[in-house]
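In what follows, a single structure is set out as structure tokens and then discussed.
Numbered from 1 within each chain, the chains take letters A, B, ... in sequence-line order. These numbers come from the heavy atoms of this one structure, side chains and all, not from hydrogens, waters or symmetry mates.
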2 protein chains.
Amino acid sequence: MTETERPLRADARRNRERIMVAAGELFARRGREAQMEEIAARAGLGMGTLYRHFPNKQALLTAMVGERFHGMAELARAAEQITDAGDAFETILRNYLEAADGDASFQLALMGSDDLEWERIRQQKAEFAAAVTRIIDRAVASGRVRADLTLADFTLVASGVISTMYFKPGGNADWRRHLQLALDGIRKPGTKGRPQRSGN
Amino acid sequence: MTETERPLRADARRNRERIMVAAGELFARRGREAQMEEIAARAGLGMGTLYRHFPNKQALLTAMVGERFHGMAELARAAEQITDAGDAFETILRNYLEAADGDASFQLALMGSDDLEWERIRQQKAEFAAAVTRIIDRAVASGRVRADLTLADFTLVASGVISTMYFKPGGNADWRRHLQLALDGIRKPGTKGRPQRSGN
DNA sequence: GCGGAAGCGGAACTCCGATTCCTGTTGGCC
DNA sequence: GGCCAACAGGAATCGGAGTTCCGCTTCCGC
């Protein structure tokens with residue numbers, strides 16, 4: 001209700017979209033380092049236009065991250081459909097990481113660096129957490145993962161792998177190896193999950 | 001040989017030490033965010049003095065991190081003395097992390113954020129890496145850890161845990177839990193290392 | 001097709017923190 | 001005790017990135 005929700009003029013809507021795209025690319029590549037001027041330039045717009053649509057850099061960043069986070073709850077819900085509890089867990093973790101791959105600002109957000117106004121997306125975050133918790137509970141009950149696994153562990157491990165993405169960008173070999181090590185620490189001791197995937 | 005190594009005047013030596021202490025505390029608490037002015041103030045000195053001793057902020061940061069890293073090789077050598085190969089590995093990993101605990105700038109450096117002129121300490125880094133590699137080789141041979149473990153994995157896992165320190169500061173419960181999960185992913189599948197420590 | 005509100009552009013400005021520079025002070029050797 | 005190079009202090013300067021301002025332009029309902 002805070003938003004008066006006046007329909008934007010055609011050009012404004014088009015420009016807003018351009019900003020989102022430009023900001024998305026630059027924040028993804030450079031994280032917070034991306035500069036407002038670059039973003040405006042890449043969108044082919046002036047500074048004034050940029051600031052008409054977003055009151056400041058933080059708001060733009062938050063909007064971008066929020067958009068990226070939008071799909072997460074859906075992702076979790078999809079993983080819940082998987083019958084095998086162990087697979088469900090590995091899938092949500094893997095997909096979560098896959099979603100973070102290649103987007104520096106999103107990675108920072110997920111690692112919890114922020115001061116981002118997560119307020120706006122608190123609900124989606126909660127939804128996601130709830131789904132993951134259900135998946136973990138099921139996986140624990142099935143005996144496919146260590147008995148003491150919690151939602152906090154999910155965050156811990158995911159953030160760890162994301163830090164590899166963030167600090168060792170480039171080929172994705174590193175973070176996938178990190179994920180493999182992490183999964184081996186999570187599975188029920190002695191259990192080898194699924195037959196090893198051939199590739200990575 | 002680059003340094004003319006002229007003995008510093010008494011007051012200069014004293015002040016340099018004060019700067020190191022002040023910078024150490026502030027960089028530890030706030031990472032790069034620490035400001036030169038704060039550092040000078042905390043050392044009870046003027047800006048000019050600060051800049052007389054270190055040409056710029058980066059140099060000061062590098063010097064601090066270098067000093068912190070100084071003990072690392074020694075740490076590794078000590079761990080090598082441990083008879084049990086598995087224990088040696090866990091000890092060096094644990095001590096490495098313990099050394100990073102509480103120092104934000106060191107954590108950033110170890111995670112590889114930098115642009116730090118690691119040149120100056122490249123040798124110590126190499127020495128440390130060599131010792132860790134020897135420890136890992138021995139642990140692998142002993143069958144106490146997964147057969148495919150490498151030095152790169154050590155870095156991966158350590159950085160992951162350090163990211164927990166960095167992004168979830170405060171109590172150390174989180175990173176220790178993270179370490180536990182990581183160790184469980186590293187130990188030879190089915191092996192339970194030592195009898196579980198009761199506490200953490 | 002017109003009027004004017006909504007939108008745009010981008011130069012100018014603000015802020016803040018690193019760095020410099022110049023004046024005053026001091027340790028250490030004769 | 002006196003000299004003076006080394007050193008200390010800290011105000012002024014510099015520079016870079018975010019944000020503001022305001023005259024100009026464009027959409028859109030009449």
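Two residues, R13(B) and G44(A), neighbour DNA chain C, and the one matched to the more 5' nucleotide by heavy-atom proximity is G44(A). Mapping G48(A) and A34(A) onto DNA chain D by nearest heavy atom places A34(A) at the nucleotide closer to the 5' end. With the nearest nucleotide of DNA chain C identified for both E37(B) and L8(A), L8(A) has the one nearer the 5' end.
When each of dT19(D), dT20(C), dC8(C) is scored by its nearest atom to the side-chain atoms of N56(A), the top-ranked nucleotide is dT19(D). Among dT19(C), dG28(C), dC7(D), the nucleotide with an atom closest to any side-chain atom of M47(B) is dT19(C). Side-chain atoms of K57(B) lie closest to dA18(C) of the nucleotides dA8(D), dG18(D), dA18(C).
Residue H53(A) has a polar side-chain atom (N or O) positioned under 4.0 Å from OP1 or OP2 of dC8(C). At the phosphate of dG7(C), OP1 or OP2 sits under 4.0 Å from a side-chain N or O atom of R52(A). For N15(B), no side-chain nitrogen or oxygen approaches OP1 or OP2 of dC7(D) to under 4.0 Å. The phosphate of dC7(D) (OP1 or OP2) has no side-chain N or O of T49(B) nearer than 4.0 angstrom.
The interatomic distance linking R9(B) (CZ) with dA6(D) (P) rounds to 9 Å, in whole Å. We find that CG of L50(A) is positioned 12 Å from P of dT20(D), with the value rounded to whole Å. Taking atom CE of M36(B) as the reference point, atom C1' of dA11(D) lies 17 Å away to the nearest angstrom. Between R16(A) atom CZ and dC27(D) atom C1' there is a gap of 19 Å when expressed in whole angstrom units. With rounding to whole Å, E38(A) atom CD is found 14 Å from dG16(D) atom P. I39(B) has its CD1 atom 16 Å from the P atom of dA8(D), to the nearest Å. When the C1' atom of dA12(C) is taken as reference, atom OH of Y51(A) falls 14 Å away, rounded to whole Å. Across the protein-nucleic acid pair, Q58(A) atom CD and dA17(D) atom P stand 18 Å apart, rounded to whole Å.
Ring-plane geometry between F128(B) and Y96(B) is classed as parallel, the angle between the planes falling under 30 degrees on a 0 to 90 degree scale with a further cut at 60.
Atom CD of E74(A) is surrounded by more than 12 heavy atoms from other residues, nucleotides or ligands within 6.0 Å. Within 6.0 Å of CD on E38(A) lie more than 12 heavy atoms contributed by other residues, nucleotides or ligands.
In terms of heavy atoms, R94(A) sits closest to L179(A) at NH1-CD2, 3.8 Å.
Listed for the D153(B) side chain is a donor-acceptor partner under 3.5 Å among the backbone atoms of T150(B).
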